[in-house]
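This structure is a prediction, so every number in the text was calculated from the model and none was measured.
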Amino acid sequence: MKLSLRNIIARHNPIALLDSSSTSASACNPTTTLGQVLQIHGQLLVHGRLHDPDVFDQFVAAVALAAGIASPFLLQYSHRLLDHSPHSDSVFLLNSLIRAHIRGPDPGHAFHFYRRLLGSLSPDRFTFTFLVSACVKAAASPFSAASVHAAAIRRGFASDPHVHSALIRMYAEFGDLEAALRVYSEVRDADTVARTAMLGALAAAGEIDHARELFDDMPSRDPIAWNAMIAGYSQVGRSREALQLFSSMQLEGMRVSEATLVSVLTACGHLGALDQGKWAHSYLQRNRLRITVTLGTALVDMYSKCGDTEWAMEVFWRMQEKNVYTWSSAMSGLAMNGAGKECLKLFDQMKELGLLPNGVTFISVLRGCSVAGLVEEGRQHFDSMHEKYGINPWREHYGCMVDLYGRAGLLDDAVDFINNMPIEPHAGAWGALLNACRIHRNIELGEYAMKKLVEVESRNDSAYVLMSNMYAESRNWEGVNDVRESMKGKGVRKEPGCSVMEVGGEVHEFFVGGKSHPRYKEIVLMLQEISRKLRLAGYTAKTNEVMFNIEEEEKEDALRLHSEKLAIAFGLIALDEGTCIRIVKNLRVCWDCHDTSKLISRVFQREIILRDRNRFHHFKDGTCSCKDFW
DNA sequence: ATAGGGTTAG
């Protein structure tokens, strides 16, 4: 096989042959594509510049950067480059190749170039930084982590901050936080680089508060340290702290980069903080940051999770480069927002473009079918997973199928499906059946689903809540009590309901029955006002979906204090008239809150968008986008 | 000239 760069790229990414903007090797950056490198290669050849050793080295560095695209020919191509080198091996050249292979299809190849380097040259501190990173990526290599560490010490590079940083990340990645701390303790007074690595390792290990201590103790913090800390909060779901830190970061005049914004957008999506998300979007436009695939996908996801599918799709279609994450994210957003048909249409377009869906894509596809009630189509997609794409369904896909049948009222088919699953049905499958039973009010089957669910996962609090709600809806208070007792007996505690809402760029939190909000008194007054207006409109609280069998009056009180009601009341107080009320709730919405929200949307002429644990509810003029079906 | 942070979708 002829291994010209042109051949490699043509096979790897033929479209990339057509587009190019860079003209010199030094113009390359980590987002440069192999196609662009090819253009540079051509120009350098034409002008005979590749005979210049410095230009050649630069060119190799450029290729190494572009190797983020996992080319299966990377190894052969690296050898070819070395064979054609106009000068003997240089440390820079071999370092570049080592680095290239870390991100390539087989990181173990990095060691090959290390051996070659040892043949005639001495490694430097860069070599070790890359080599340690290679250890992380290529677990099975002849150079064990310890031996690389030992070599770094032997050659006197073990006190370099970047080598430290790589070692800390390596040990943390292998789950040996002790070893990472040992390396770190050797450089206690060390600079920002090593501290940032330790901070990141702690955050990744779930020790986010210890990470924060380290961060606060740092004598000086650079943007990378800030990013590591913000990302840490964002990943563990402490989104408010992520956003707070982001605003401090800006107050300190730190440079905001793509990495920062990806974490910030993730946090905004998690919280449903649309205003802050929009602000981040306009920030990157104002500062002309390139919308990379990752950043664009994060934007699509943020808008979707804030219930703004129009903007999500606007960003989606404007993106020049989209990958399977981008498509899956957009599809998931549409399905979540009840736009099942649009989700499936997008799936067709994705396939037409020749992009391969993966397992996650299919979760969105099946959810799209489910919310659109397209049972047969869902079945076909499910079958095509294995037949056309060689993807073995995961438990999540089986759960989606149970939901698809169950939601459509085909409870027998749902049960059949569970009984014929090739894997042991997990809690998700039984939970989907239980939810279907709740929707279609089949208590008997619901009890069976519950029994099975508890067998595989006895501490699933949402199952108990679902079951209890089912009994309550049919006024079976004995059943409600039994569920309650059984929860007590097993020590299962219901996750407290919590709603968050953004007002004026600030995120407010409301807990079920909670009085902690500083404007609680006004909220109570507003709740009374809501109650009065709804009564005038002919509505009396439906008191059939409460956890406990209590006196009627108390029940109404208990209902009013569900966190989403507190949030809606505060929204009516604090948001300008005509502004949509956007709420994110951690549990599923109950029947009464759903009904009340519909009525408020009509009586107060206010649009309410509520994201619950499962999907979106867009309340407008007395109806909900879920068609009372969630 | 090469190095630390971040990898987005369920």
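- In this structure, A:Met350 places its CE atom 15 Å from P of B:dA9, rounding to the nearest Å.
- No hydrogens or angles considered: nothing links the side chains of A:Thr294 and A:Thr297 as a donor-acceptor pair under 3.5 Å.
- Distance A:Phe157 CZ to B:dT2 C1': 14 Å, rounded to the nearest Å.
- In this entry the distance linking CG of A:Leu94 with C1' of B:dA1 reads 15 Å, nearest Å.
- Between A:Glu186 and A:Arg182 there is no salt bridge, since no side-chain N of the basic residue sits under 4.0 Å from a carboxylate O of the acidic one.
- Minimum atom distance to the side chain of A:Ala259 is reached by B:dG6, of the listed B:dA9, B:dG10, B:dG6.
- A:Gln235 has a side-chain polar atom (N or O) that falls below the 4.0 Å cut-off from OP1 or OP2 of B:dT7.
- Using a 4.0 Å heavy-atom criterion, one finds that A:Trp327 contacts no nucleic acid atom at all.
- Nearest to the side chain of A:Arg125, among B:dA3, B:dA9, B:dG4, sits B:dA3.
- Side-chain atoms of A:Asn323 and base atoms of B:dA9 include no donor and acceptor less than 3.5 Å apart.
- For the pair A:Met336 CE and B:dA9 P, the interatomic distance rounds to 10 Å; values are reported in whole Å.
- Evaluation of atom-type donor-acceptor distances gives no pair under 3.5 Å for the side chain of A:Arg99 against the base of B:dA3.
- If you look at A:Phe362 and A:Phe347, their ring centroids are closer than 6.0 Å.
- The side chain of A:Val324 approaches B:dA9 more closely than any other nucleotide in the set B:dA9, B:dG4, B:dG6.
- Proximity of the aromatic rings of A:Phe130 and A:Phe113 is defined here by a centroid distance below 6.0 angstrom, and this criterion is not met.
- Distances were taken from every side-chain heavy atom of A:Trp394 (C-beta onward) to each of B:dT2, B:dG10, B:dG4; the shortest belongs to B:dG10.
- Taking atom CG on A:Leu261 and atom P on B:dT8, their separation rounds to 16 Å, with Å as the unit.
- Within the nucleic acid shown, A:Val91 has no heavy atom closer than 4.0 Å to any nucleic acid atom.
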- Item | Verdict with supporting geometry, A:Asp124 and A:Ser122, side-chain hydrogen bond (donor to acceptor under 3.5 Å, both in side chains) | CA-CA 6 Å; A:Asp124 62 10; A:Ser122 296; over 6 Å; no

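- Whole-Å rounding puts the A:Asn358 CG to B:dT8 P distance at 12 Å.
- Within the structure, every side-chain polar atom (N or O) of A:Lys305 is placed at least 4.0 Å from both OP1 and OP2 of B:dT8.
- Across all strands shown, A:Ser257 has heavy atoms under 4.0 Å from base atoms, whether or not it also approaches the sugar-phosphate.
- Rounded to whole angstrom, the span from the NE2 atom of A:His270 across to the C1' atom of B:dA9 amounts to 15 Å.
- Among the heavy atoms of the strands lying under 4.0 Å from A:Ser165 are primed sugar atoms or P, OP1, OP2 only; no base atom is included.
- Between the CG atom of A:Leu199 and the P atom of B:dG4 there is a distance of 16 Å, rounded to whole Å.
- Using a 4.0 Å heavy-atom criterion, one finds that A:Phe130 contacts the bases of the nucleic acid, with or without backbone contacts as well.
- Contact between the side-chain N/O atoms of A:Ser332 and the OP1/OP2 oxygens of B:dG10 is found at a separation under 4.0 Å.
- Within the nucleic acid shown, A:Ser329 comes within 4.0 Å of sugar-phosphate atoms alone, with no base atom in reach, counting heavy atoms only.
- When distances run from any side-chain atom of A:Ile363 to the nucleotides B:dT8, B:dG4, B:dG10, the shortest one goes to B:dG10.
- In this structure, A:Ala231 reaches the sugar-phosphate backbone alone: every heavy-atom distance under 4.0 Å involves primed, P, OP1 or OP2 atoms, never a base.
- Aromatic rings of A:Phe246 and A:Trp226 (six-membered ring for Trp) have centroids beyond the 6.0 Å cut-off, not under it.
- In this structure the side chain of A:Thr196 reaches within 4.5 angstrom of the side chain of A:Met218, judged on heavy atoms.
- The residue A:Asn95 sits close to a base: some heavy atom pair falls under 4.0 Å.
- Comparing atom distances between the A:Val193 side chain and each of B:dG4, B:dT2, B:dA9 picks out B:dG4 as nearest.
- Listed nucleotides B:dG10, B:dG4, B:dT8 differ in distance to A:Tyr325; the shortest reach to its side chain belongs to B:dT8.
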